[in-house]
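Each remark here refers to the structure printed beneath this line.
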Amino acid sequence: MNGRPDWAAVRDQKDALVTELRQAKYADVLAAYPAITLVQGRATLAEGPALTLADGRTLTAPRLVLATGASPWSAPIPGLADAAPLDSTSVMARDALPASLAVIGGSAVGLELAQMFARLGVAVTVLEALPTVVPGEDPAVGAALAAYLAAEGLRVEAGVAITSVARAASGVRIPFSRDGTADQVVAEEVLVATGRRANTAGLGLEAAGVALGRKGEVVVDDQLRTSLPGVFAAGDVTGDPMFVYVAAYAGAVASENALTDAGRRYDLTALPRVTFTDPAVASVGLTEAQARDQGLTPLVSRLALSHVPRALAARDTRGFIQLVADAQSRKIIGAQILAAEAGELVTEPALAIRFGLTIDDLTRAFHPYLTLSEGIKLAAQTFTRDVATLSCCAA
């Protein structure tokens, strides 16, 4: 197609895969349990607990689990709503690629989509209000990732205040300022990726006695019980962290507690996070700053990917592996990874944190050569040694 990507084919393949997975992982799974009845329709919560359906029927049960998820949320920027912004769903349903795209929000969803569209030939600008992109991560990660994205041709503007958004014949105009200096972006379309909010509006939750938080999320205790006896909640409807694997775990905890009074605790200790950019970002536990805020004395090691043989062989040495340990116990308490396959590397430090492993535990464990996971061992060795002076696979 004249050297341009066939966006319609890409979109259709995505839709086909989503449809296939929805059928195989949800509809077919549900059908395998004949004791479960699926009722589709809008409902509101009533005392009992009970659900009042839009068609007038009422469903009652001694226990109920709320799992209504979340939806994209737009920041309250003047003029933004009138500019017909795209969100993470609608941008993927477009019939054609825009010539240019402004992305408001530099966290995981915004950056993943920004880089994807840039690689499809769209001129992309990312606008982030906080000082670095992926602001929930260690600042060094955000600074390095921004540089890699800029090297690909994306315009990345962090630490900005957007004053307004307006759509005109020339496109969407977004004036912003940084440190008192005014600037602007003009793009064909604007994508808003400023987070998600729980789907709680119009469900009658507060009227029934379910307490909601500042952002509209359902407030739960450590067993995922709401303020209304007999009603539990799980997944994105309870607020951050909004990850599908967390929602699946929460659903199991809430269901078991609701059905059996098991008293299982909702425990997010050593929860890994992944941003699927290229290079990707993965982290778990505490950063150095967070450790100090908790009164700990942290030890920090940072290993450039140029010291990992697999990265050298792949000719991709972008990024680093950073480990954080407690100086007193030498236990691993955090990891921040920027690498092509960061998500594949984060599980080992996550397990190390969960089970109290130390720096020495990591350095003494076998790590197969030529794998990226060898970088975890090398990063652990970097606490006390210069790995540049070590031979291959040195213990």
Any side-chain donor-acceptor pair under 3.5 Å between T181 and D179?
no
When you check the side-chain N and O atoms of D386 and T389, is any donor under 3.5 Å from an acceptor?
no
Heavy-atom side-chain proximity of L259 to R63 below 4.5 angstrom
no
Side chain of E217, backbone of K215: donor and acceptor closer than 3.5 Å?
yes
Residues which pass side-chain contact (heavy atoms from CB on, under 4.5 Å) with [X], listed by chain and number, not counting sequence neighbours:
| X | value |
| --- | --- |
| S170 | A168, V186 |
| L203 | R42, T68, L205 |
| E137 | V134, V141, R273, V281, S283 |
| Q115 | R119, L149, E152, T277, D278 |

Do the side chains of R22 and D15 get close enough for a salt bridge, i.e. N-O under 4.0 angstrom?
no
Counting only heavy atoms not in R292, do more than 12 fall under 6.0 Å of its CZ?
yes
Hits for ring-ring contact (aromatic ring centres under 6.0 Å, His included) against Y266, two or more places apart or cross-chain, chain-then-number order -> Y249
Taken in chain and number order and not counting sequence neighbours, the residues that satisfy ring-ring contact (aromatic ring centres under 6.0 Å, His included) with F117 are W7
